[in-house]
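All ligand and atom numbering here is 1-based and tracks the order in the structure.
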Amino acid sequence: METKLLSNSTADLQEAAHLLKEGNVVGIPTETVYGLAADARNPEAVRQIFAAKGRPADNPLIVHIAKLEELESVAVSVPELALKLAEKFWPGPLTMILPKHPSIPTITSGGLDTVGVRMPSHLVARKLIELSGVPIAAPSANISGYPSPTTAQHVMRDMHGKIAAVVDGGDCCVGVESTVIALEGEDSVRILRPGYVTKEMLETVVPHVTLDKAILHQLQEGQTVRSPGMKYQHYSPHAHVTLIEGRWPEFAAWVQQHAEVGTYALVFDGEGADLSVPYLTYGTGDAEQAHQVFAKLRELDDIGAKRVFVRAPNPNGIGLAVYNRLIRAAGFEVIQV
Ligand code: TXA
Ligand code: MG
């Protein structure tokens with residue numbers, strides 16, 4: 001299959017919406033990362049998403065809507081708290097797990113009776129949902145296990161020949177995936193995957209916000225998991241990644257001691273000049289690091305890195321999302337210096 005690269009012109013968006021309506025898979029931009037989109041209600045279209053990504057069938061997809069009225073056709077009941085959260089954070093990078101409506105097939109929900117729903121803020125994503133007239137199932141548009149794509153070129157690299165088209169909407173501004181939450185009663189939510197919407201932001205609406213243990217800790221054999229995505233190897237480039245925690249002088253000394261041919265460092269902006277190994281930087285501050293982290297992991301593969309020592313981000317605010325992605329990219333190999 002030839003994968004068409006479409007622009008965000010009106011004619012191209014109409015073509016992409018037509019492809020979606022007809023049951024095809026299309027790579028689309030969102031404010032977080034690019035998504036691999038298909039009609040959430042069409043089991044055959046959704047099957048093609050799983051096939052293109054090589055995604056395990058028990059890992060559910062997020063369903064994207066453009067208007068609040070569409071929520072009741074995706075979720076069978078919507079608690080008051082969900083409406084409060086939607087009012088504050090939608091459109092935007094927040095996914096809520098809600099009881100699934102029967103119109104959403106179980107292939108979309110990975111066999112669960114719940115469904116993850118979000119209303120993206122990216123104008124191209126919203127336009128495509130409106131023009132196609134269907135709710136859009138979309139996981140991140142990477143090969144399963146690889147870092148998520150934040151440009152149309154990243155999607156082309158992973159999906160060329162496997163899907164009908166990719167819509168180029170430019171660089172994703174957030175850079176890490178949405179915050180995924182489960183509602184627990186009327187005054188409490190649990191964060192299953194951290195993202196741009198932080199615990200502190202959620203606390204302005206909900207009295208009790210807890211962080212799921214799987215965010216920072218590796219699951220032990222046989223442990224049940226609230227969000228199936230948490231149990232798989234994730235976000236990993238081909239290079240062997242190690243996350244290093246500690247202050248700069250100790251980091252630099254450790255890297256110097258352990259570097260071999262093909263070793264690179266991934267450090268903060270402004271650092272690295274005194275390192276003896278080649279390095280890339282991924283910004284300073286949590287929002288900037290979120291914006292850059294996946295693109296830099298991909299770039300390290302492109303330049304032939306075999307081993308990467310990553311300077312651990314501060315795990316606060318949006319930094320928790322960056323830390324969560326990097327700890328998985330490293331297969332939980334973390335070293336304190
Ligand atoms: O920002 C995002 O959320 C992006 C863009 C494209 O919208 N999408 C995305 O989808 O990151 P994906 O499939 O890569 O990650 C979805 C995560 C997975 O960890 C999955 O297990 C979890 O959400 N999830 C989805 N539905 C769920 C459900 N019903 N119950 C528990 N976890 C769910
Ligand atoms: Mg993903």
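- Close approach to Ser178 involves these atoms of ligand 1, each under 4.0 Å from a residue heavy atom: 1 (O), 2 (C), 3 (O).
- Residue His64 has at least one N or O atom closer than 3.5 Å to an N or O atom of ligand 1.
- A distance of 12.0 Å separates NZ of Lys296 from CG of Asp302, quoted to the nearest 0.5 Å.
- The closest approach between any non-hydrogen atom of Ala138 and ligand 1 is below 4.0 Å.
- By the criterion of a heavy-atom distance under 4.0 Å, neither the backbone nor the side chain of Lys100 is placed next to ligand 1.
- The pair Lys100-Asp113 fails the salt-bridge criterion, with no side-chain N (NZ, NE, NH1 or NH2) lying under 4.0 Å from an Asp/Glu carboxylate O.
- Every side chain to side chain contact (heavy atoms under 4.5 Å, CB included) that Leu5 has, sequence neighbours left out, goes to Ala152, Met156, Val166, Asp168.
- Remark: side-chain polar atoms of His217 are not paired, donor with acceptor, to backbone N or O of Lys213 under 3.5 angstrom.
- Contacts of Arg55 with ligand 1, taken as heavy-atom pairs under 4.0 Å, involve the side chain alone.
- Near Arg118, meaning under 4.0 Å from any of its heavy atoms, are these atoms of ligand 1: 1 (O), 2 (C), 3 (O), 5 (C), 7 (O).
- Ranked by closest heavy atom to atom 15 (O) of ligand 1, the top entry among His234, Arg193, Glu177 is Arg193.
- Judged by distance alone, the side chains of Arg41 and Thr108 never bring a donor and an acceptor atom under 3.5 Å apart.
- Remark: the Glu177 side chain and the Ser140 side chain contain no N/O donor-acceptor pair separated by less than 3.5 Å.
- Of all protein atoms, those of element N, O or S that lie under 2.8 Å from the Mg ion (ligand 2) number 1.
- By the side chain to side chain contact (heavy atoms under 4.5 Å, CB included) test, Val337 pairs with Ile244, Glu250, Trp254, Ile335, sequence neighbours left out.
- Ring centroid separation for the pair Phe294 and Tyr235 comes in under the 6.0 Å cut-off.
- Put simply, CH2 on Trp90 and OG1 on Thr95 are 8.0 Å apart, with the number rounded to the nearest 0.5 Å.
- Taking the six-membered ring where the residue is Trp, the centroids of His238 and Tyr146 are separated by under 6.0 Å.
- At under 3.5 Å, a nitrogen or oxygen of Thr114, whether backbone or side chain, sits near a nitrogen or oxygen of ligand 1.
- Within the structure, salt bridge (Lys or Arg N to Asp or Glu O under 4.0 Å) pairs that include any residue of residues 4-31 comprise Lys4-Glu15, Glu31-Arg118 (at least two apart or interchain).
- The distance from ligand 1 to the heavy atoms of Thr32 drops below 4.0 Å at these ligand atoms: 1 (O), 2 (C), 4 (C), 5 (C).
- Looking at Asn59, Ile97, Ile104, Val117, it is Asn59 that brings a heavy atom closest to atom 21 (O) of ligand 1.
- In the vicinity of Leu112, heavy-atom distances shorter than 4.0 Å reach the ligand 1 atoms 28 (C), 29 (N), 30 (N).
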